[in-house]
Amino acid sequence: MSAYRTTLTGSALLAACLATDGAVFAQAEPETIELTAVIRDFEERYEPEGHEDFERNKDEEADGLSIGVVAPLLGEDRKPVFLSTGTIVSRIDKYTYNQWEDALGRPICYLLWDPLIDGVEGQLDPGATEGFTSEANFDQWYRDIPGVNMSKAVTLTLVRQADGTYVFDDKDDPSFASNGGFFPIDDQLFGNTPSRPQHNYHFTTEIHCSFRYDASTGQVFRFVGDDDVWVFIDGRLVIDLSGTHNAIEQFVDLSRLGLTDGQIYSLDLFHAERQTKGSNFAFQTNLILKDGLIPSVSASCD
């Protein structure tokens, strides 16, 4: 287990995308869960055909955790909708931000914070500089665009823990642990980053899956990593770690989302690795996740 992980408490795609036999969701807890992730490779902005959003800010004080970058709901094509360049969350210190917290002190998405039941309210730093450029550039992050990106599918394996949760962690996974971080496309697609040739640093990750909601089991989801991460449940933004930043976390307790017991819902995760400062990617959940709609990939987009 990684040093930064703590134990979580507690043990739709649209109908057309949820055509899964309900019996699959009723099976006993498996030892592992495999999810398909689509990785899209980009060249950094300093290359002749580089993308403006990748390696956007090298100055550690000129970027950070943001809110308000994507809309609270997924678009009709199941992709995040760009809302604005966002506003930076203020820092407590170099590695810690004034995030919104629930009553147990766990960082949560600002959209879920309720002053009647939760703890600390987050604080913003409107004077800081965000690492986003435009809607047009953002719309290329999770779509195959010839001449802009290249893509391929990879498999991520979640491993069941003694407490009943499932974990994917680049620090523990045999495919990544020996490589120093979450680098799924080293020596592939556009190739490694010219300025830091030991890894291919600039890419996005897209995962679509589904689960059956069980109100009796205290279902939860927690992500730890960098850079940008957005998690949507039933098309609703529930984890928002926008911006280029160090590895930080957010947590969502599904009992707060108004879901219907026994119904099948979608979980969509979008991630971006945009700087040559490392790559961390880990999540922990007690949801029994099933692969959902897998976007097309086209490594020929070169």
Side-chain angles (χ1 to χ4, degrees), residues 1-11 64-74 86-126 158 161-169 211-226 228-243 245-263 265-269 271 280-289:
M1 299 285 284
S2 300
Y4 59 72
R5 186 189 305 129
T6 58
T7 301
L8 295 177
T9 59
S11 58
L65 177 65
S66 302
I67 67 168
V69 175
V70 301
L73 300 177
L74 277 179
T87 304
I88 297 288
V89 178
S90 66
R91 296 176 188 261
I92 297 173
D93 54 43
K94 185 176 181 180
Y95 299 108
T96 312
Y97 293 87
N98 286 298
Q99 292 201 65
W100 288 253
E101 297 179 0
D102 66 14
L104 297 178
R106 300 173 297 202
I108 61 175
C109 177
Y110 74 103
L111 293 170
L112 301 181
W113 190 78
D114 183 342
L116 298 179
I117 62 173
D118 288 320
V120 175
E121 181 176 11
Q123 299 179 25
L124 300 177
D125 182 5
L158 287 66
Q161 309 296 301
D163 63 2
T165 63
Y166 291 87
V167 168
F168 173 84
D169 188 339
F211 64 93
R212 187 183 296 280
Y213 178 59
D214 183 346
S216 69
T217 59
Q219 291 177 324
V220 291
F221 189 95
R222 174 177 177 262
F223 189 93
V224 183
D226 63 281
D228 316 85
V229 175
W230 300 282
V231 178
F232 295 81
I233 290 179
D234 194 29
R236 176 185 177 187
L237 182 63
V238 297
I239 287 181
D240 183 356
L241 295 172
S242 306
H245 49 71
N246 53 289
I248 50 180
E249 69 172 338
Q250 276 186 12
F251 175 99
V252 58
D253 179 343
L254 275 67
S255 68
R256 303 181 58 156
L257 303 182
L259 305 179
T260 300
D261 191 30
Q263 294 297 306
Y265 291 96
S266 60
L267 187 150
D268 306 280
L269 187 153
H271 157 262
N280 301 276
F281 188 100
F283 59 93
Q284 185 174 18
T285 185
N286 54 2
L287 301 173
I288 307 298
L289 298 171

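Values below: every heavy atom of this structure, side chains too, minus hydrogens, waters and symmetry copies. As the structure is a prediction and not an experimental result, all values here were calculated from the model.
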| query | Quick one: does Tyr166's side chain get under 4.5 Å of Ile288's, heavy atoms only? | reply | yes
| Derivation and outcome, side-chain contact (heavy atoms from CB on, under 4.5 Å), residues Leu65 and Leu241 | CA-CA 6 Å; Leu65 177 65; Leu241 295 172; 4.0 Å; yes
| message | Distance check, rounded to the nearest 0.5 Å: Leu158 atom CG versus Phe168 atom CZ? | response | 8.0 Å
| Backbone N/O of Gly262 and side chain of Arg212: donor-acceptor pair under 3.5 Å | yes
| query | So do the side chains of Glu121 and Pro115 get within less than 4.5 Å of each other, counting heavy atoms only? | reply | no
| What distance separates Leu289 CG from Phe283 CZ, expressed to the nearest 0.5 Å? | 7.0 Å
| query | Residues two or more places apart in sequence or in another chain: which of them pass salt bridge (charged side-chain N to carboxylate O under 4.0 Å, His left out) with Asp102? | reply | Arg106
| said: Quick check for you: to the nearest 0.5 Å, what is the distance between Ser255 atom OG and Asp261 atom CG? | reply: 12.0 Å
| Sub-3.5 Å donor-acceptor pair from the side chain of Gln219 to the main-chain atoms of Asp214, do we have one? | yes
| query | For Leu269 and Phe221, what are the C-alpha separation, side-chain angles and deciding distance, and is it a side-chain contact (heavy atoms from CB on, under 4.5 Å)? | reply | CA-CA 11 Å; Leu269 187 153; Phe221 189 95; 4.1 Å; yes
| Side-chain contact, heavy-atom cut-off 4.5 Å: Phe232 with Pro72? | no
| Can you name the side-chain contact (heavy atoms from CB on, under 4.5 Å) partners of Leu73, sequence neighbours left out? | Arg236
| request: Just do the side-chain contact (heavy atoms from CB on, under 4.5 Å) check on Trp230 and Asp268 with the steps written out, would you? | output: CA-CA 8 Å; Trp230 300 282; Asp268 306 280; over 6 Å; no
| query | Can you tell me how far the OG1 atom of Thr96 sits from the CZ atom of Arg91, to the nearest 0.5 Å? | reply | 9.5 Å
| query | Is there a donor in the side chain of Asn280 and an acceptor in the side chain of Asp226, or the other way round, less than 3.5 Å apart? | reply | yes
| request: Indicate yes or no for a side-chain donor-acceptor contact from Tyr265 to the backbone of Thr260 under 3.5 Å, with no hydrogens or angles considered. | output: yes
| query | Between Gly243 and Ser66, what is the shortest heavy-atom contact and its length? | reply | CA-OG, 4.4 Å
| message | I'd like to know if the side chain of Gln99 and the backbone of Glu249 have a donor-acceptor N/O pair within less than 3.5 Å. | response | yes
| Is there side-chain contact between Leu112 and Leu257, with at least one heavy-atom pair below 4.5 Å? | yes
| said: Restricting to salt bridge (charged side-chain N to carboxylate O under 4.0 Å, His left out), what partner residues turn up for Asp118, sequence neighbours left out? | reply: Arg256
| message | Once side-chain contact (heavy atoms from CB on, under 4.5 Å) is applied, do any residues pair with Leu124, and if so which ones, sequence neighbours excluded? | response | Ile67, Thr87, Val89, Trp100, Pro126
| message | Whether the side chain of Ser242 engages the backbone of Asp228 through a donor-acceptor N/O pair (distance < 3.5 Å, no angle test) should be reported. | response | no
| From CA spacing to verdict: side-chain contact (heavy atoms from CB on, under 4.5 Å), Leu254, Leu287 | CA-CA 10 Å; Leu254 275 67; Leu287 301 173; 3.7 Å; yes
| remark: Sorted by chain and residue number, the ring pair (Phe, Tyr, Trp, His ring centres under 6.0 Å) partners of Phe223 (sequence neighbours excluded) come out as Phe281
| query | What distance separates Ile233 CD1 from Ser266 OG, expressed to the nearest 0.5 Å? | reply | 8.5 Å
| message | Taking salt bridge (charged side-chain N to carboxylate O under 4.0 Å, His left out) as the definition, give me every residue that meets it alongside Asp240, ordered by chain and number, with sequence neighbours left out. | response | none
| note | What one should report as the nearest heavy-atom pair of Val69 and Gly86 is CG2-CA, 3.8 Å
| said: Is the shortest side-chain heavy-atom distance between Tyr97 and Asn246 below 4.5 Å? | reply: yes
